[in-house]
Amino acid sequence: MAVFTRRAFVGFAAATAALAGVGGAAVALAGEEELLRPPGGQDEGALLASCVKCDRCRSACPTGVVGVAHVEDGLLQARTPTLDFHKGLCDFCGLCQRVCPTGALGSFDPERDKLGVAVVQKDRCVAYFDGCSECEKACPYEAIALDEAGHPVVDATACNGCGACENVCPALVYRSFAGGTRRGIVVVPPRRYERLGKTVVEDESEMMA
(Lines give C-alpha, C1' and ligand atoms only; values in the text may rest on other atoms or scores of the structure.)
Protein backbone atom coordinates (compact mmCIF):
# COMPACT_ATOMS: atom_id res chain seq x y z
CA MET A 1 0.00 0.00 0.00
CA ALA A 2 1.34 3.44 -0.96
CA VAL A 3 1.98 5.84 1.91
CA PHE A 4 1.56 9.58 1.19
CA THR A 5 3.84 11.88 3.14
CA ARG A 6 2.85 15.39 4.13
CA ARG A 7 5.28 16.76 1.54
CA ALA A 8 3.74 14.63 -1.20
CA PHE A 9 0.23 15.76 -0.26
CA VAL A 10 1.24 19.43 -0.30
CA GLY A 11 2.92 18.95 -3.66
CA PHE A 12 -0.19 17.28 -5.09
CA ALA A 13 -2.42 20.09 -3.81
CA ALA A 14 -0.10 22.72 -5.32
CA ALA A 15 -0.11 20.94 -8.68
CA THR A 16 -3.91 20.74 -8.66
CA ALA A 17 -4.19 24.46 -7.92
CA ALA A 18 -1.74 25.24 -10.71
CA LEU A 19 -3.76 23.21 -13.20
CA ALA A 20 -6.93 25.01 -12.12
CA GLY A 21 -5.17 28.31 -12.69
CA VAL A 22 -4.08 27.23 -16.15
CA GLY A 23 -7.66 26.23 -16.94
CA GLY A 24 -8.95 29.64 -15.88
CA ALA A 25 -6.28 31.36 -17.92
CA ALA A 26 -7.17 29.22 -20.92
CA VAL A 27 -10.80 30.38 -20.70
CA ALA A 28 -9.66 34.01 -20.52
CA LEU A 29 -7.33 33.52 -23.47
CA ALA A 30 -9.76 31.64 -25.65
CA GLY A 31 -13.01 33.44 -24.75
CA GLU A 32 -16.32 31.77 -23.98
CA GLU A 33 -18.35 32.18 -27.19
CA GLU A 34 -17.88 31.24 -30.80
CA LEU A 35 -17.40 34.17 -33.12
CA LEU A 36 -18.81 34.75 -36.59
CA ARG A 37 -15.89 34.44 -39.01
CA PRO A 38 -15.42 35.49 -42.66
CA PRO A 39 -15.68 32.78 -45.32
CA GLY A 40 -13.04 30.11 -44.82
CA GLY A 41 -12.46 30.94 -41.17
CA GLN A 42 -14.95 28.48 -39.71
CA ASP A 43 -12.23 26.15 -38.37
CA GLU A 44 -11.48 28.20 -35.25
CA GLY A 45 -8.33 26.30 -34.33
CA ALA A 46 -6.83 26.63 -37.80
CA LEU A 47 -7.70 30.33 -37.99
CA LEU A 48 -6.13 31.14 -34.62
CA ALA A 49 -3.03 29.14 -35.52
CA SER A 50 -2.53 30.88 -38.87
CA CYS A 51 -3.92 34.42 -38.53
CA VAL A 52 -1.19 37.05 -38.14
CA LYS A 53 -3.73 39.83 -37.49
CA CYS A 54 -2.53 41.82 -40.49
CA ASP A 55 -5.99 43.36 -41.09
CA ARG A 56 -5.81 42.83 -44.86
CA CYS A 57 -9.15 41.04 -44.96
CA ARG A 58 -10.92 43.96 -43.33
CA SER A 59 -9.26 46.45 -45.67
CA ALA A 60 -10.24 44.43 -48.74
CA CYS A 61 -13.89 43.85 -47.83
CA PRO A 62 -16.08 45.87 -50.23
CA THR A 63 -19.20 45.75 -48.04
CA GLY A 64 -17.54 46.65 -44.73
CA VAL A 65 -18.83 43.55 -42.95
CA VAL A 66 -15.41 42.32 -41.84
CA GLY A 67 -14.33 43.69 -38.48
CA VAL A 68 -12.02 42.50 -35.73
CA ALA A 69 -12.58 40.78 -32.40
CA HIS A 70 -11.87 42.67 -29.20
CA VAL A 71 -10.05 41.74 -26.01
CA GLU A 72 -13.34 40.95 -24.29
CA ASP A 73 -13.88 38.23 -26.91
CA GLY A 74 -10.72 36.50 -25.63
CA LEU A 75 -7.06 37.43 -25.75
CA LEU A 76 -6.32 34.86 -28.45
CA GLN A 77 -9.17 36.13 -30.60
CA ALA A 78 -8.37 39.83 -30.22
CA ARG A 79 -7.66 41.50 -33.60
CA THR A 80 -8.69 38.39 -35.56
CA PRO A 81 -11.38 38.87 -38.24
CA THR A 82 -15.07 38.71 -37.39
CA LEU A 83 -18.30 39.68 -39.14
CA ASP A 84 -20.47 42.64 -38.12
CA PHE A 85 -23.77 42.54 -39.98
CA HIS A 86 -24.77 45.93 -38.62
CA LYS A 87 -22.12 47.36 -40.95
CA GLY A 88 -22.60 45.21 -44.03
CA LEU A 89 -23.38 41.79 -45.42
CA CYS A 90 -21.28 39.05 -46.98
CA ASP A 91 -21.68 38.59 -50.73
CA PHE A 92 -19.03 35.85 -50.86
CA CYS A 93 -16.84 37.80 -53.24
CA GLY A 94 -13.75 35.96 -51.97
CA LEU A 95 -11.55 39.05 -51.62
CA CYS A 96 -10.83 38.45 -47.94
CA GLN A 97 -9.64 34.95 -48.72
CA ARG A 98 -7.46 36.06 -51.63
CA VAL A 99 -5.62 38.74 -49.68
CA CYS A 100 -5.00 36.55 -46.61
CA PRO A 101 -1.22 35.95 -46.63
CA THR A 102 -1.26 32.81 -44.49
CA GLY A 103 -4.30 30.87 -45.65
CA ALA A 104 -6.09 31.44 -42.34
CA LEU A 105 -9.22 32.01 -44.44
CA GLY A 106 -9.42 28.77 -46.39
CA SER A 107 -11.82 27.46 -49.00
CA PHE A 108 -15.54 28.14 -48.69
CA ASP A 109 -18.49 27.16 -50.87
CA PRO A 110 -21.61 29.25 -50.04
CA GLU A 111 -23.79 26.56 -51.60
CA ARG A 112 -22.49 24.00 -49.12
CA ASP A 113 -20.83 25.81 -46.20
CA LYS A 114 -22.36 28.15 -43.63
CA LEU A 115 -21.09 31.31 -41.98
CA GLY A 116 -23.93 30.87 -39.51
CA VAL A 117 -27.70 30.61 -39.30
CA ALA A 118 -30.23 33.42 -38.82
CA VAL A 119 -32.41 33.29 -35.71
CA VAL A 120 -35.52 35.45 -35.19
CA GLN A 121 -35.61 37.39 -31.90
CA LYS A 122 -39.26 37.46 -30.89
CA ASP A 123 -38.75 40.18 -28.27
CA ARG A 124 -37.10 42.51 -30.82
CA CYS A 125 -38.65 41.58 -34.17
CA VAL A 126 -40.83 44.42 -35.50
CA ALA A 127 -43.11 41.88 -37.22
CA TYR A 128 -44.32 40.79 -33.78
CA PHE A 129 -45.37 44.37 -32.94
CA ASP A 130 -46.24 46.32 -36.05
CA GLY A 131 -45.75 44.21 -39.17
CA CYS A 132 -42.52 44.00 -41.15
CA SER A 133 -41.13 41.86 -43.96
CA GLU A 134 -37.74 43.47 -44.60
CA CYS A 135 -35.69 40.36 -43.80
CA GLU A 136 -37.87 38.16 -45.99
CA LYS A 137 -37.49 40.54 -48.92
CA ALA A 138 -33.73 40.94 -48.43
CA CYS A 139 -32.78 37.26 -48.24
CA PRO A 140 -31.09 36.26 -51.52
CA TYR A 141 -31.45 32.55 -50.76
CA GLU A 142 -35.22 32.53 -50.04
CA ALA A 143 -34.42 31.13 -46.59
CA ILE A 144 -36.98 33.35 -44.84
CA ALA A 145 -40.75 33.10 -45.22
CA LEU A 146 -43.65 34.69 -43.35
CA ASP A 147 -46.07 32.50 -41.46
CA GLU A 148 -49.84 33.04 -41.35
CA ALA A 149 -49.39 35.70 -38.67
CA GLY A 150 -46.81 37.59 -40.74
CA HIS A 151 -43.89 36.52 -38.56
CA PRO A 152 -40.59 35.58 -40.22
CA VAL A 153 -39.56 31.92 -40.15
CA VAL A 154 -36.04 30.82 -41.10
CA ASP A 155 -35.29 27.71 -43.12
CA ALA A 156 -31.98 26.73 -41.52
CA THR A 157 -31.13 24.36 -44.37
CA ALA A 158 -31.30 27.18 -46.94
CA CYS A 159 -29.67 29.89 -44.79
CA ASN A 160 -25.91 30.25 -45.10
CA GLY A 161 -25.43 33.19 -42.76
CA CYS A 162 -24.79 35.96 -45.30
CA GLY A 163 -26.32 38.49 -42.90
CA ALA A 164 -28.51 40.34 -45.41
CA CYS A 165 -31.48 39.93 -43.06
CA GLU A 166 -29.73 41.29 -39.99
CA ASN A 167 -28.23 44.14 -42.01
CA VAL A 168 -31.65 45.45 -43.14
CA CYS A 169 -33.55 44.73 -39.93
CA PRO A 170 -35.15 48.01 -38.76
CA ALA A 171 -35.23 47.02 -35.07
CA LEU A 172 -33.09 49.49 -33.09
CA VAL A 173 -32.88 51.64 -36.21
CA TYR A 174 -36.20 53.48 -36.46
CA ARG A 175 -37.96 52.00 -33.46
CA SER A 176 -36.88 52.09 -29.81
CA PHE A 177 -36.38 48.89 -27.86
CA ALA A 178 -34.98 48.28 -24.40
CA GLY A 179 -31.25 48.83 -24.78
CA GLY A 180 -28.55 46.72 -26.38
CA THR A 181 -27.65 46.29 -30.02
CA ARG A 182 -29.40 42.99 -30.80
CA ARG A 183 -31.74 43.29 -33.78
CA GLY A 184 -34.93 41.41 -34.58
CA ILE A 185 -33.03 38.73 -36.45
CA VAL A 186 -29.41 37.81 -35.84
CA VAL A 187 -26.95 35.39 -37.39
CA VAL A 188 -25.29 33.03 -34.94
CA PRO A 189 -22.34 30.66 -35.56
CA PRO A 190 -23.35 27.15 -36.67
CA ARG A 191 -22.36 25.44 -33.40
CA ARG A 192 -24.30 27.96 -31.36
CA TYR A 193 -27.34 27.42 -33.56
CA GLU A 194 -27.07 23.69 -32.93
CA ARG A 195 -27.19 24.40 -29.20
CA LEU A 196 -30.25 26.65 -29.59
CA GLY A 197 -31.93 24.12 -31.84
CA LYS A 198 -34.63 26.53 -33.01
CA THR A 199 -35.38 29.34 -35.46
CA VAL A 200 -37.07 31.71 -32.96
CA VAL A 201 -35.99 32.71 -29.47
CA GLU A 202 -38.33 34.24 -26.92
CA ASP A 203 -36.01 36.72 -25.24
CA GLU A 204 -32.41 37.72 -24.58
CA SER A 205 -31.89 35.32 -21.68
CA GLU A 206 -32.66 32.40 -23.98
CA MET A 207 -30.31 33.77 -26.63
CA MET A 208 -27.46 34.02 -24.14
CA ALA A 209 -27.96 30.50 -22.73
Side-chain angles (χ1 to χ4, degrees), residues 27-110 113-121 124 134-135 138-141 143 154 159-174 177 179-193 195-196 201 204 207-208:
V27 171
L29 287 171
E32 297 183 356
E33 292 188 5
E34 304 97 329
L35 300 177
L36 283 166
R37 300 298 193 178
Q42 283 58 56
D43 185 334
E44 186 74 6
L47 183 143
L48 293 177
S50 302
C51 180
V52 293
K53 306 179 182 181
C54 65
D55 214 27
R56 293 184 185 180
C57 52
R58 180 167 66 161
S59 299
C61 180
T63 69
V65 69
V66 178
V68 294
H70 304 289
V71 172
E72 55 265 32
D73 296 313
L75 294 178
L76 290 179
Q77 282 92 338
R79 302 299 303 172
T80 58
T82 61
L83 298 176
D84 183 349
F85 294 125
H86 289 206
K87 296 181 178 179
L89 56 88
C90 183
D91 60 5
F92 305 105
C93 67
L95 283 175
C96 58
Q97 295 160 282
R98 289 200 290 272
V99 300
C100 178
T102 65
L105 299 179
S107 62
F108 187 93
D109 180 354
D113 304 318
K114 292 179 181 290
L115 299 177
V117 181
V119 179
V120 178
Q121 312 290 285
R124 298 289 178 100
E134 292 303 310
C135 59
C139 180
Y141 297 94
V154 178
C159 176
N160 62 7
C162 73
C165 56
E166 184 174 348
N167 182 249
V168 301
C169 178
L172 298 178
V173 176
Y174 76 79
F177 287 86
T181 60
R182 187 169 48 93
R183 292 189 174 174
I185 187 167
V186 301
V187 178
V188 300
R191 286 192 299 176
R192 188 175 180 192
Y193 178 80
R195 290 204 307 272
L196 284 171
V201 299
E204 188 165 8
M207 189 67 179
M208 299 304 166

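All heavy atoms count here, side chains included; hydrogens, waters and symmetry mates do not.
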Asker: Which atoms form the tightest heavy-atom contact between Arg37 and Leu115, and what is the distance?
Answerer: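 Taking Arg37 first and Leu115 second, the nearest heavy atoms are O-CD2, 3.6 Å.
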Asker: How would you list, by chain and number, every residue that makes a side-chain contact (heavy atoms from CB on, under 4.5 Å) with Lys87, sequence neighbours excluded?
Answerer: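 Checked Lys87 against side-chain contact (heavy atoms from CB on, under 4.5 Å); matches are Asp84.
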Asker: Closest heavy-atom contact between Cys159 and Ala118?
Answerer: SG-N, 3.3 Å
Asker: Which residue is it: Val187, Val119, Ile185? I am looking for the one with a side chain to side chain contact (heavy atoms under 4.5 Å, CB included) to Val154.
Answerer: Ile185
Asker: Supply the atom-to-atom distance Leu105 CG to Leu95 CG, rounded to the nearest 0.5 angstrom.
Answerer: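 With rounding to 0.5 Å, CG (Leu105) is 11.5 Å from CG (Leu95).
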Asker: Could you tell me whether the side chain of Pro39 reaches within less than 4.5 Å of the side chain of Pro110, counting heavy atoms only?
Answerer: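 The answer is no, as the side chains (C-beta and beyond) never meet within the 4.5 Å cut-off.
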Asker: Between atom CD of Glu166 and atom CG of Leu36, what is the distance when rounded to the nearest 0.5 Å?
Answerer: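 The CD atom of Glu166 sits 8.0 Å away from the CG atom of Leu36.
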Asker: Please round to the nearest 0.5 Å and tell me the distance separating atom CZ of Arg79 and atom NE2 of His70.
Answerer: 8.5 Å
Asker: Would you give the length of the straight line joining atom SG of Cys100 to atom CG of Leu47, rounded to the nearest 0.5 angstrom?
Answerer: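 Atom-to-atom, Cys100:SG and Leu47:CG are 8.0 Å apart.
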Asker: Between Lys114 and Gly161 (side chain of the first, backbone of the second, donor and acceptor by atom type, cut-off under 3.5 Å), is there such a pair?
Answerer: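 No, the answer is negative, given that no donor and acceptor are paired below the 3.5 Å cut-off.
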Asker: Would you mind telling me which of Cys165, Cys135, Cys169 makes a side chain to side chain contact (heavy atoms under 4.5 Å, CB included) with Arg183?
Answerer: Cys169
Asker: Once you measure the plane-to-plane angle for Phe108 and Phe92, does it fall in the parallel (<30°), tilted (30-60°) or perpendicular (>60°) bin?
Answerer: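 Judged by the thresholds at 30° and 60°, the geometry between Phe108 and Phe92 is parallel.
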Asker: Of all heavy-atom pairs between Cys90 and Phe85, which one has the smallest distance, and what is that distance?
Answerer: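 In terms of heavy atoms, the two residues are closest at N-CE2, 4.2 Å.
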Asker: Looking only at heavy atoms, which two atoms of Asn160 and Asp113 are closest? And how far apart?
Answerer: CB-O, 3.8 Å
Asker: Charged N to carboxylate O under 4.0 angstrom, Arg195 versus Glu34?
Answerer: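 Here Arg195 pairs with Glu34 in a salt bridge, since their nearest N and O are under 4.0 Å apart.
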Asker: Give the minimum heavy-atom separation between Pro81 and Cys51, together with the two atoms involved.
Answerer: CD-SG, 3.8 Å
Asker: For a quick test of reading the model, state the closest non-hydrogen atom pair linking Lys53 to Leu76 and the distance between them.
Answerer: NZ-O, 3.6 Å
Asker: Would you find a donor on one side and an acceptor on the other, under 3.5 Å apart, between the side chain of Arg124 and the backbone of Arg182?
Answerer: yes
Asker: If you look only at pairs with a residue in residues 88-110, which of them pass as a side-chain hydrogen bond (donor to acceptor under 3.5 Å, both in side chains), with sequence neighbours excluded?
Answerer: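 Counting only pairs at least two positions apart or across chains, no side-chain hydrogen bond (donor to acceptor under 3.5 Å, both in side chains) contact touches residues 88-110.
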Asker: Once you round to the nearest 0.5 Å, how far does OG1 of Thr80 lie from CG of Leu35?
Answerer: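 Between atom OG1 of Thr80 and atom CG of Leu35 there are 6.5 Å.
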Asker: Tell me, yes or no, whether the heavy-atom count around Arg58 atom CZ, taken from other residues, nucleotides or ligands under 6.0 Å, exceeds 12.
Answerer: yes
